[in-house]
Asker: 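Please read through the structure below; I'll follow up with questions.
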Amino acid sequence: MGDHFQTIVDLDAGAGEAPELAARVVEWLVTEGIVLAEPTDCVLGRPLGHSPGPNWRRAVGENPDLDPSDGLAVHTTRTAFDAGQGGPESVTCPRCAATTELAGEDYEDDEDYEDYEDDEDDEDVTDYADAALAEDRPESDEGAADGVWDRFAAAIEVWHATGAATVACPACAHPVPLADWTWNDDCFAFGHLGFEFWNWPEFTPGFRADIARLLDGHRTAYVWGKF
């Protein structure tokens, strides 16, 4: 069956403010009894996380279809959050609202879109990013989707290594920051702060709004997926 996750990503938090905002949100979650304060081995892919608290239903409503079986992992470094299995079917430009289909792109075996965090010692990633920046990529595909995923995959590597990357829209040709694109099925989000809950019931809109409020009203993205 696999393990599923839900991640609330702060799209506006900078590297310097991410730890403080993370501590604020975790403190609120502990006070509300949604998670426990003491970190334990309760999340996938991270050393420690926060287990569900006695009032975890405050995040998911009164009639959940299952009990949470794992905890909360908090990410406070530059991270490309993705949905795990599969790949994006389409992406929408925030400037012109044009949607580019990606379903036919060759990304199924491409490791570039796997979830990862910033690692300043990862020379291979930095070298790849430098090469992608130097490569003369087309500014537009005249509306065709062919080759668009290659540009997004390279931009993800550049963003991972540097924290800034753009992709030219195939429809309007304007360069758009990677973090501003809208992905179908909430497949990707890019930021320095994310709250990743493993094997919890689906969150209520109110809970997600509470998190955004605690993040000073920052833009947030919701990424859900499965491994």
Asker: Val25 and side-chain contact (heavy atoms from CB on, under 4.5 Å): which partner among Leu215, Ile8, Leu72, Asp10?
Answerer: Leu215
Asker: Please report the shortest heavy-atom distance between Ala13 and Leu21, naming the atom on each side.
Answerer: CB-CD1, 3.8 Å
Asker: Distance from Gln6 atom CD to Tyr222 atom OH, nearest 0.5 Å?
Answerer: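 Between atom CD of Gln6 and atom OH of Tyr222 there are 3.5 Å.
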Asker: For the atom pair NZ (Lys226) and NE2 (His4), what is the distance rounded to the nearest 0.5 Å?
Answerer: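 Between Lys226 NZ and His4 NE2, I get 9.5 Å after rounding to 0.5 Å.
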Asker: Nearest 0.5 Å please: distance from the OG1 atom of Thr100 over to the CD atom of Glu89.
Answerer: 14.0 Å
Asker: Going by atom types only, do Thr92 and Thr99 share a side-chain donor-acceptor pair under 3.5 Å?
Answerer: yes
Asker: Determine which pairs satisfy salt bridge (Lys or Arg N to Asp or Glu O under 4.0 Å) with at least one residue from residues 163-176, sequence neighbours left out, and list them in order.
Answerer: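 As it turns out, there is no salt bridge (Lys or Arg N to Asp or Glu O under 4.0 Å) pair with a partner in residues 163-176 once direct neighbours are skipped.
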Asker: Identify whether Ile211 and Ile34 are in the same connected component of the hydrophobic contact network (ILVMFWY, side-chain heavy atoms under 4.5 Å).
Answerer: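 Same hydrophobic cluster.
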Asker: Closest approach of Val223 and Cys187, non-hydrogen atoms and distance?
Answerer: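 Result for this residue pair: CG1-O, 4.2 Å.
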Asker: Mind checking side-chain hydrogen bond (donor to acceptor under 3.5 Å, both in side chains) for Asn55 and listing every partner two or more places apart, or none if nothing turns up?
Answerer: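 Checked Asn55 against side-chain hydrogen bond (donor to acceptor under 3.5 Å, both in side chains); zero matches.
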Asker: Using the rule that Ile, Leu, Val, Met, Phe, Trp and Tyr join whenever any side-chain heavy atoms are under 4.5 Å apart, tell me whether Leu178 and Phe188 fall into a single cluster.
Answerer: yes
Asker: Measure across Val158 and Ala164 and return the closest heavy-atom pair with its distance rounded to 0.1 Å.
Answerer: CG1-O, 3.4 Å
Asker: Please find the pair of heavy atoms, one from Gly16 and one from Pro19, that lie closest to each other, and give the distance.
Answerer: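 Minimum heavy-atom separation between Gly16 and Pro19: O-CD, 3.8 Å.
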Asker: Is there a side-chain contact between Phe152 and Pro88 (heavy atoms, below 4.5 Å)?
Answerer: no
Asker: Rounded to the nearest 0.5 Å, what separates atom CG in Leu214 from atom CD in Glu27?
Answerer: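 Nearest 0.5 Å value for the CG-CD distance: 10.0 Å.
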Asker: For the pair Arg58 (side chain) and Glu32 (backbone), establish whether a donor and an acceptor sit closer than 3.5 Å, ignoring hydrogens and angles.
Answerer: yes
Asker: Would you say the side-chain atoms of Glu20 pair up with the backbone N or O of Glu17, donor to acceptor, closer than 3.5 Å?
Answerer: no
Asker: When the ring planes of Phe203 and Phe207 are compared, do they come out parallel, tilted or perpendicular, using 30° and 60° as the limits?
Answerer: tilted
Asker: Scan residues 165-175 for pairs that pass salt bridge (Lys or Arg N to Asp or Glu O under 4.0 Å), counting only residues two or more places apart or in two chains.
Answerer: none
Asker: Look at the side chain of Asn199 and the backbone N and O of Asp70, then say whether any donor-acceptor pair between them is shorter than 3.5 Å.
Answerer: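 Checked: no pair found.
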Asker: Report the distance from atom CG of Leu102 to atom OG of Ser90, rounding to the nearest 0.5 Å.
Answerer: 6.5 Å
Asker: Is it true that Phe197 and Val26 fall in one hydrophobic cluster, defined by side-chain heavy atoms closer than 4.5 Å?
Answerer: yes
Asker: Could you check whether any side-chain heavy atom of Arg151 comes within less than 4.5 Å of a side-chain heavy atom of Pro170, counting everything from C-beta outward?
Answerer: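 With C-beta onward as the side chain, the pair touches.
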Asker: So does Gly191 get a backbone contact from the side chain of Arg78, meaning a donor-acceptor N/O pair under 3.5 Å?
Answerer: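 Checked: no pair found.
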Asker: In a check of side-chain contact (heavy atoms from CB on, under 4.5 Å) between Glu196 and each of Val74, Thr79, Thr7, Leu44, which one passes?
Answerer: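 Of the listed residues Val74, Thr79, Thr7, Leu44, the side-chain contact (heavy atoms from CB on, under 4.5 Å) partner of Glu196 is Thr7.
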Asker: Evaluate Arg95 against Val176 for side chain to side chain contact (heavy atoms under 4.5 Å, CB included), listing each step before the verdict.
Answerer: CA-CA 8 Å; Arg95 293 180 62 99; Val176 177; 3.7 Å; yes
Asker: Checking side-chain contact (heavy atoms from CB on, under 4.5 Å) between His50 and each of Val43, Thr40, Val35, which is the one that passes?
Answerer: Val35
Asker: Do you see a donor-acceptor pair shorter than 3.5 Å between the side chains of Trp159 and Glu157?
Answerer: no
Asker: Which class fits the ring pair Phe5 and Trp198: parallel under 30°, tilted 30 to 60°, perpendicular over 60°?
Answerer: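 Plane angle between 30° and 60°, so tilted.
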Asker: For residues 18-42, which residue pairs pass the ring pair (Phe, Tyr, Trp, His ring centres under 6.0 Å) check, not counting sequence neighbours?
Answerer: none
Asker: Could you tell me which non-hydrogen atom of Pro52 sits nearest to which non-hydrogen atom of Leu36, and how far apart they are?
Answerer: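 That would be O-CG, 3.7 Å.
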Asker: Anything under 3.5 Å between a donor and an acceptor, one on a side chain of residues 59-69, the other on a protein residue two or more places apart or in another chain? List them.
Answerer:
none

Asker: With sequence neighbours excluded, give me every salt bridge (Lys or Arg N to Asp or Glu O under 4.0 Å) pair touching residues 201-221.
Answerer: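 Only Asp12-Arg219, Arg24-Asp216, Asp180-Arg219, Asp210-Arg213 qualify under salt bridge (Lys or Arg N to Asp or Glu O under 4.0 Å).
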Asker: Mind listing the closest non-hydrogen atom pair of Ala18 and Leu193 along with its distance?
Answerer: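 Closest approach of Ala18 to Leu193, heavy atoms only: O-CD1, 3.9 Å.
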Asker: Just checking Phe81 against His75, ring centres under 6.0 Å apart?
Answerer: yes
